Every structure is written in C-alpha cells, then in structure tokens.
**Q** 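Shown below is the structure under consideration.
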Amino acid sequence: RRRNEERHQSAVEAYLAAIGFATSRSGDVVYGELETKKGVVHVAFSYNESCHNVYKSLRVTRNGANSNITTIRKIAAAS
C-alpha cells in the first residue's frame, strides 16, 4: 500500500511540475503553486490507502476561491 501511495503522489508531482507548477511535498500531501495571468493557482493532492478504502482528495484554489480540475486542464492545454 505504501508503494502505491508513493507512486500516485510521485505521478501527480511530476505532472504538476511538467505543466509549470512549483511543487513541494509535506507528508502525504503534494502541493503545487503557479502564477498565471488570471492570478495564483494553488493545488493540494492527497492519496492514502487503508486496508479497505482508498482516500483521494484534490483541492484547487484560484485567487483564494475554490475551483476545480478544469483550471488544471486549461493550464495543461495552454502549456
């Protein structure tokens, strides 16, 4: 399970870095930050596995307001 967590977190970190985000990791959470023409975009991704469940979360904020994965898709399309 721990290898799966590391694999998923590394894949997300590599993807965010590839589209221009400054990435960092703190425990089980991958953080990304990117300044765009429309403001600053923050991303936080976590992935954890237990014996019975998988817990994933993705938080995206743009200029302090909650956003969704569409923001990341648009950034990826533009890069």
Side-chain angles (χ1 to χ4, degrees):
R1 286 187 298 258
R2 299 296 169 231
R3 277 185 260 152
N4 282 342
E5 290 177 359
E6 176 66 29
R7 184 171 49 88
H8 284 286
Q9 291 166 354
S10 295
V12 169
E13 188 174 20
Y15 176 73
L16 290 175
I19 61 174
F21 280 83
T23 60
S24 63
R25 225 190 257 198
S26 176
D28 292 339
V29 182
V30 176
Y31 296 101
E33 181 178 341
L34 178 68
E35 185 152 349
T36 64
K37 294 177 185 177
K38 295 185 177 184
V40 179
V41 177
H42 293 277
V43 175
F45 173 80
S46 66
Y47 180 92
N48 296 305
E49 290 186 15
S50 69
C51 294
H52 301 287
N53 296 309
V54 174
Y55 302 97
K56 299 183 276 189
S57 73
L58 175 70
R59 290 185 313 264
V60 181
T61 59
R62 184 172 55 195
N63 294 327
N66 287 337
S67 189
N68 56 26
I69 197 165
T70 304
T71 303
I72 298 172
R73 289 181 179 150
K74 287 180 180 179
I75 291 170
S79 63

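All values reported here derive from a predicted model rather than from experimental measurement.
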**Q** NE2 of His42 to CD of Glu35: how many Å apart, nearest 0.5 Å?
**A** 9.0 Å

**Q** Are Ile69 and Val54 in one and the same hydrophobic cluster, where Ile, Leu, Val, Met, Phe, Trp and Tyr link if side-chain heavy atoms are under 4.5 Å apart?
**A** yes

**Q** Roughly how far, to the nearest 0.5 Å, is CD of Glu5 from NZ of Lys56?
**A** 12.5 Å

**Q** Atom CD in Glu6, atom CG in Asp28: separation rounded to 0.5 Å?
**A** 9.5 Å

**Q** Look at the side chain of Ser26 and the backbone N and O of Val29, then say whether any donor-acceptor pair between them is shorter than 3.5 Å.
**A** no

**Q** Can you tell me if Asn63 uses its side chain to pair, donor with acceptor, with the backbone of Val40 under 3.5 Å?
**A** yes

**Q** Using modelled atom types only, decide if a donor and an acceptor are shared between the side chain of Gln9 and the backbone of Tyr47 within a distance under 3.5 Å.
**A** yes

**Q** May I ask you to test the Phe45-Leu16 pair for a side-chain heavy-atom distance under 4.5 Å?
**A** no

**Q** With a 4.5 Å heavy-atom cut-off, do Ser10 and Arg25 have their side chains touching?
**A** yes

**Q** Please check if Phe21 and Tyr15 belong to a single hydrophobic cluster, counting links between Ile, Leu, Val, Met, Phe, Trp and Tyr side chain heavy atoms closer than 4.5 Å.
**A** yes

**Q** Is there side-chain contact between Val41 and Val60, with heavy atoms separated by less than 4.5 Å?
**A** yes

**Q** Ile19, Leu34: one ILVMFWY side-chain cluster at the under-4.5 Å cut-off?
**A** yes

**Q** Give the cluster check for Ile75 versus Leu58: same hydrophobic cluster or not, with ILVMFWY residues linked at side-chain heavy-atom distances below 4.5 Å.
**A** yes

**Q** Measuring from Ser24:OG to Glu33:CD, what's the distance to the nearest 0.5 Å?
**A** 8.5 Å

